[in-house]
Amino acid sequence: MTLFVNIKTRLLNLTVLIAFVAAVEYWLGWGTLLASWTLLPPTLVVSAASAHIASYGVRAARIYWAESAIPRGRYLDCLRLLLINNSINILLPMRAGEASFPILMRRWFGVDAARATGTLLWLRLLDLHVLAAIGVVCAGHGWLIAATELTLVLAGLAVLLPVAVFALRAPLQSRLARRTDRLSLIGARLLGGMPARTPLLLKDLALTWTAWIIKLAALASVFAALSGLPATLATLGVIGGDLSTVLPLHTPGGFGSYEAGVLALVAPAEGLNATLAAAAVNLHLFVLALALGAGGLAWMTAPPRLRDNRS
């Protein structure tokens, strides 16, 4: 059964990739598309790539400090786990690759799978609140200019969301602890993946905002150079691409769905044209190359005890 699923997944990935390559060649032309990179200053590309990789380092630190059950001194293993999980997420559709996070946390660090899943859900909530807050502010300076006050209110609500969830954690966990049914026990273990004290919450928030500011600034600089968009719209496009990966329609590798996410948040201000479409594809290729390259390197350099699936 596992072999059948693996073959089916590979065929789906191959089919999506072939369709994507053919569509790009028909509408844009790969030669013209890739020639855009020759127009960018090498220092911009190198600095953006370096900053993007650095953001992975900050996100790994977030995992390392968020999960106290991880043995101290194993930060590099957290970085490897993050990079591998990110690569699997990209290759599998509909966020199916997220399952690798609790699996690897259990195998590598002995962290309870339910607790690790709770940590993952918490970290994803932090990611979404940052993207939502920055996204609505950028939209307010892009195509929601008439509703600037509304965007500020929405950004404020997004900022407060993790604080509200954190405030509900303790009473909810206490209530679940008094019950003995299986669902309540699992719920309590999930909540165990959240920070238990305010200083830990503040540390999570600081690391999350730092990681995303670095990442968005790096990718927006590349997208702006490729598309000619102002910084706010370029940032909005980058956010759209990243948000596309959490949708049920996320394709293997994000081929097509990533570009659609980028254009969906930029088009209201700029409309659709070949230049924007080409820039969205090139941005996706840039992100894909960095993520898969880093993930592959993380797997190859992992100690044998971590790469052994039987552990």
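Count residues from 1 along the sequence. Everything quoted here is computed from the prediction, not taken from an experiment.
In plain terms, the two heavy atoms of Leu233 and Gly142 that are nearest each other are CD2-CA, 4.1 Å. For the pair Leu40 and Ala225, the tightest heavy-atom approach, listed with the atom from each and the gap, is CD2-CB, 3.5 Å.
No donor-acceptor pair closer than 3.5 Å links the side chain of Thr245 to the backbone N or O of Gly241. Judged by distance alone, the side chain of Arg115 and the main-chain N or O of Ala69 form no donor-acceptor pair under 3.5 Å.
There is a side-chain donor-acceptor pair under 3.5 Å between Ser174 and Arg178.
The CD1 atom of Ile63 sits 9.0 Å away from the OG1 atom of Thr119 when rounded to the nearest 0.5 Å. A distance of 12.5 Å separates OG1 in Thr232 from CD1 in Ile134, rounded to the nearest 0.5 Å. In this structure, Ile70 CD1 and Asp77 CG are separated by 9.5 Å, a value rounded to the nearest 0.5 Å. Distance CZ/Phe255 to CD1/Ile90: 9.5 Å, rounded to 0.5 Å. A distance of 4.5 Å separates CG of Leu150 from CG of Leu154, quoted to the nearest 0.5 Å.
Under the 6.0 Å distance and 45° angle rule, Arg72 counts as a cation-pi partner of Tyr64.
Trp65 CH2: 12 or fewer foreign heavy atoms inside a 6.0 Å radius. Atom CZ of Arg175 has 12 or fewer heavy atoms from other residues, nucleotides or ligands within 6.0 Å.
Using a 30° and 60° split on the angle between ring planes, Tyr258 and His284 fall in the parallel class, below 30°.
Using a 4.0 Å cut-off between charged nitrogen and carboxylate oxygen, Asp127 and Lys215 do not count as a salt-bridge pair.
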